[in-house]
J.: 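Right, I'll just put the structure down here and ask away after.
Just so we're on the same page: letters track the sequence lines, and every chain starts at 1.
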2 protein chains.
Amino acid sequence: MDLRQLRYFVGVARERNFTRAAQQLNIAQPPLSRQIQALEDELGVALLIRNSRPVRLTEAGRLFYEQALQVLGRVDQMRAATRRVGLNQNSVLSIGFVASTLYGGLPSLVRKLRHRTPDIEIQVLEMMSVQQIPALKEGRIDIGFGRLHHSDSGVVEIVLREERLTVAIPRDTPLAQDSAPLPIGALTGQKLIVYPKEPRPGYADQVLNLLHGHDVRPAEVQEVREIQTALGLVAAETGLCVIPSSARQMRSDVHYRLLEGERATSPVILYHRVGDTSPYIDLVKEVIKEMYAENPPWLSAEHNLPTRPSFAE
Amino acid sequence: MDLRQLRYFVGVARERNFTRAAQQLNIAQPPLSRQIQALEDELGVALLIRNSRPVRLTEAGRLFYEQALQVLGRVDQMRAATRRVGLNQNSVLSIGFVASTLYGGLPSLVRKLRHRTPDIEIQVLEMMSVQQIPALKEGRIDIGFGRLHHSDSGVVEIVLREERLTVAIPRDTPLAQDSAPLPIGALTGQKLIVYPKEPRPGYADQVLNLLHGHDVRPAEVQEVREIQTALGLVAAETGLCVIPSSARQMRSDVHYRLLEGERATSPVILYHRVGDTSPYIDLVKEVIKEMYAENPPWLSAEHNLPTRPSFAE
DNA sequence: TTACAATTATACTCAGTAGGTATTATGTCG
DNA sequence: CGACATAATACCTACTGAGTATAATTGTAA
């Protein structure tokens with residue numbers, strides 16, 4: 001498959017007519033026909049219904065059309081951004097983050113950074129905490145926001161906050177009758193759902209270690225790939241699930257109770273390379289400091305321990 | 001630019017070595033060098049620093065590398081999804097939505113639909129309300145979720161709910177001293193920020209019409225492209241902004257007050273083609289009905305009028 | 001500093017393929 | 001059914017991507 005083929009197919013799908021599409025693409029009609037045929041051949045799927053005038057799209061073609069439009073748009077953006085950076089000799093600040101930080105301060109951090117540094121290109125990449133450490137060392141990212149402590153001497157970690165953990169409980173079960181914080185011991189003998197299944201170690205192990213440290217043994221542990229599935233299973237009364245409190249808003253048809261205990265938390269951690277002299281690292285810290293001072297909703301005392309980033313006195 | 005060039009560049013960027021990359025790509029080293037040169041030529045930007053061993057990425061190259069990875073991944077997904085649909089003769093349900101429905105029931109609707117119909121491919125496309133009507137008629141989407149009434153006889157609209165409007169007010173200004181609902185008249189003579197600038201007609205016109213209908217004339221109207229900018233300007237004390245209540249959660253450093261009055265609402269509307277016999281339309285309505293019965297948080301009485309979709313008696 | 005090993009760029013050739021032209025086949029509509 | 005519009009096929013040409021041989025450059029170690 002080839003970008004040219006995508007462009008050609010988009011042309012035909014838009015015009016619903018090979019001849020007109022060929023004109024707009026500045027080629028003759030026969031080569032256009034052949035390229036579309038080649039595309040269909042490679043996919044092993046018919047994209048167009050030709051024994052009909054005007055030509056119609058198959059269901060597969062309809063899907064492929066929208067996807068192709070998006071890919072082509074993405075390529076254009078990529079080209080433009082690369083030129084911008086290259087021609088202006090700008091630098092790139094590449095930020096890795098775990099999905100759960102999207103429910104915290106990340107979006108507004110990125111907005112603030114973009115606003116304050118229009119001369120650099122900010123790139124955000126979703127990745128798990130464990131992947132962030134090698135990504136930092138290889139230079140794929142400059143800053144990471146994750147939830148896992150690590151022991152790599154090449155990477156500094158700064159704990160930004162300690163978010164309290166919440167237990168998601170199926171409605172109409174005994175534990176859901178109360179809304180008071182739940183002692184960790186109450187999880188003994190319960191079915192537990194845990195995520196993500198991989199990569200390991202991950203947040204799942206944080207939860208399992210916490211229980212283990214309190215000598216709490218669930219009846220059964222089921223691992224799933226993502227939090228959405230986990231909460232779905234909770235709603236289906238398959239078991240309980242321990243989540244960071246900010247993830248409560250993801251689903252409203254289950255019952256939530258805070259987990260009791262000083263240690264029942266998950267940190268949000270900022271990573272960066274040791275000895276990274278880029279001024280942007282300090283800028284990020286600066287902006288984070290300001291954001292924490294504003295007392296945003298994701299920093300509520302109810303869902304966070306009263307710790308603060310070490311650089312934010 | 002060509003997908004082959006992206007694959008080649010990714011190879012070199014990963015290996016930081018032309019020779020090894022060429023081996024893994026199953027080509028000789030010279031053609032690889034030339035393709036990379038051609039890519040850099042077309043972009044007009046250096047992606048690699050060659051007078052260094054191992055080869056390093058420039059800032060532009062670093063950006064391009066991650067973007068290329070994502071584009072290639074996207075292409076693979078596209079190929080797989082198209083094959084899935086084509087080979088199994090599945091159908092595609094294509095859903096258009098305005099961004100603000102992301103703060104309402106859309107994500108969970110899509111999840112539920114995917115779960116209940118594993119045999120169809122669900123595709124979601126973000127687009128403004130006005131664009132959804134032609135998209136429906138052209139068959140680009142089958143279902144739309146928007147906020148605008150229309151008068152096209154080919155498209156049915158079903159008002160799902162009437163969401164109350166909220167005024168975003170800069171902190172520490174007189175209007176922000178109270179949290180009670182604000183009469184529409186209070187906007188007289190105020191500076192107003194309105195979004196989106198285009199396409200017209202859009203939500204901006206809804207707000208302007210509402211004011212006009214109450215003979216309220218703001219001192220000044222500033223149009224911006226998106227809600228984030230609008231709220232940013234509010235925070236910067238540039239003026240007030242009227243938003244759907246569900247958008248409150250986007251920003252916490254401004255003050256919010258409900259707008260008073262029966263008509264101070266913005267609908268959430270389901271569109272589909274007249275006479276669309278697909279069983280999936282009914283399924284969608286069915287699922288929406290269930291969701292509304294569950295009283296999700298985005299349906300709170302505080303932020304919505306007590307109307308319900310006509311099919312959900 | 002020099003020489004050698006490793007690695008990338010250049011020169012040249014060949015083959016595959018994209019595109020063009022001419023023509024045939026197929027569908028649509030009066 | 002016939003005429004027109006439109007897509008597919010056949011065939012040719014030219015370009016471009018890939019291979020081989022070789023030169024140029026970089027890093028390193030004596």
J.: Below 4.5 Å, heavy atoms only, C-beta onward: do Leu57(A) and Phe9(A) meet side chain to side chain?
T.: yes
J.: What's the CG-P distance between Leu6(B) and dG17(D), to the nearest Å?
T.: 14 Å
J.: Check the side chains of Gln67(A) and Gln123(B) for a donor-acceptor pair under 3.5 angstrom, ignoring hydrogens and angles.
T.: yes
J.: Classify the side-chain pair Ser100(A)/Arg147(A) by whether it contains a donor and acceptor separated by less than 3.5 Å.
T.: yes
J.: Of Asn51(A), Ile49(A), Leu48(A), which is the lone residue that meets side-chain contact (heavy atoms from CB on, under 4.5 Å) with Arg56(A)?
T.: Ile49(A)
J.: Quick one: CG on Leu270(B) to CD1 on Ile158(B), what's the gap to the nearest 0.5 Å?
T.: 5.0 Å
J.: Take the protein atom CZ of Arg56(B) and the nucleotide atom P of dT7(C), then report the distance between them rounded to whole Å.
T.: 17 Å
J.: Which residues in residues 8-21 of chain A have a heavy atom closer than 4.0 Å to any atom of DNA chain D?
T.: Asn17(A), Phe18(A), Thr19(A)
J.: I need the single residue from Leu63(A), Val71(A), Leu43(A) that forms a side-chain contact (heavy atoms from CB on, under 4.5 Å) with Met78(B). Which is it?
T.: Val71(A)
J.: How many Å lie between CG on Asp2(A) and P on dT16(D), as a whole number?
T.: 14 Å
J.: When the ring planes of Tyr195(A) and Tyr203(A) are compared, do they come out parallel, tilted or perpendicular, using 30° and 60° as the limits?
T.: tilted
J.: As an exercise, state the distance from CZ of Arg273(A) to CD1 of Ile143(A), rounded to the nearest 0.5 Å.
T.: 9.0 Å
J.: Can you measure Leu32(A) atom CG to dG19(C) atom C1' for me and round it to whole angstrom units?
T.: 11 Å
J.: If only side-chain N and O atoms of Gln35(B) are considered, is one of them under 4.0 Å from the OP1 or OP2 phosphate oxygen of dA18(D)?
T.: yes
J.: So, taking the atom named CG in Asp152(B) and the one named NZ in Lys137(B), what distance separates them when rounded to the nearest 0.5 Å?
T.: 3.5 Å
J.: Evaluate the criterion side-chain contact (heavy atoms from CB on, under 4.5 Å) for residue pair Val98(B) and Gln132(B); output intermediate values, then yes/no.
T.: CA-CA 9 Å; Val98(B) 290; Gln132(B) 292 184 22; 3.8 Å; yes
J.: If the sugar-phosphate is the primed atoms plus P, OP1 and OP2 and the base is the rest, what is the B/S/- string for nucleotides 24-30 of chain C, using protein heavy atoms under 4.0 Å?
T.: --BSS--
J.: How would you summarise protein contacts on nucleotides 10-15 of chain D per nucleotide, using B for base, S for sugar-phosphate only and - for none, with heavy-atom distances below 4.0 Å?
T.: ------
J.: Which sits closer to the 5' end of DNA chain C, Val55(B) or Asn26(A), going by the nucleotide each is nearest to?
T.: Val55(B)
J.: Below 4.0 angstrom from OP1 or OP2 of dT10(C), is there any side-chain N or O of Gln37(B)?
T.: yes
J.: I need the CG-P distance between Asp41(A) and dT17(C), as an integer number of Å.
T.: 13 Å
J.: Can you check the Leu39(A) CG to dT17(C) C1' distance for me, whole Å?
T.: 16 Å
J.: Nearest whole angstrom, please: distance from the C1' of dA7(D) to the CD1 of Ile49(A).
T.: 15 Å
J.: In terms of side-chain heavy atoms of Arg4(B), which of dA18(C), dG17(D), dT9(D) is nearest?
T.: dG17(D)
J.: Using the side-chain heavy atoms of Pro31(B), tell me which of these nucleotides is nearest: dG19(C), dT20(D), dT8(C).
T.: dT20(D)
J.: Is there a side-chain contact between Ile36(B) and Phe18(B) (heavy atoms, below 4.5 Å)?
T.: yes
J.: Roughly how many Å is it from CD in Glu42(B) to P in dT16(D), rounded to a whole number?
T.: 13 Å
J.: Would you say Arg111(B) and Gln228(A) are linked by a side-chain donor-acceptor pair, where the criterion is simply a distance under 3.5 Å?
T.: yes
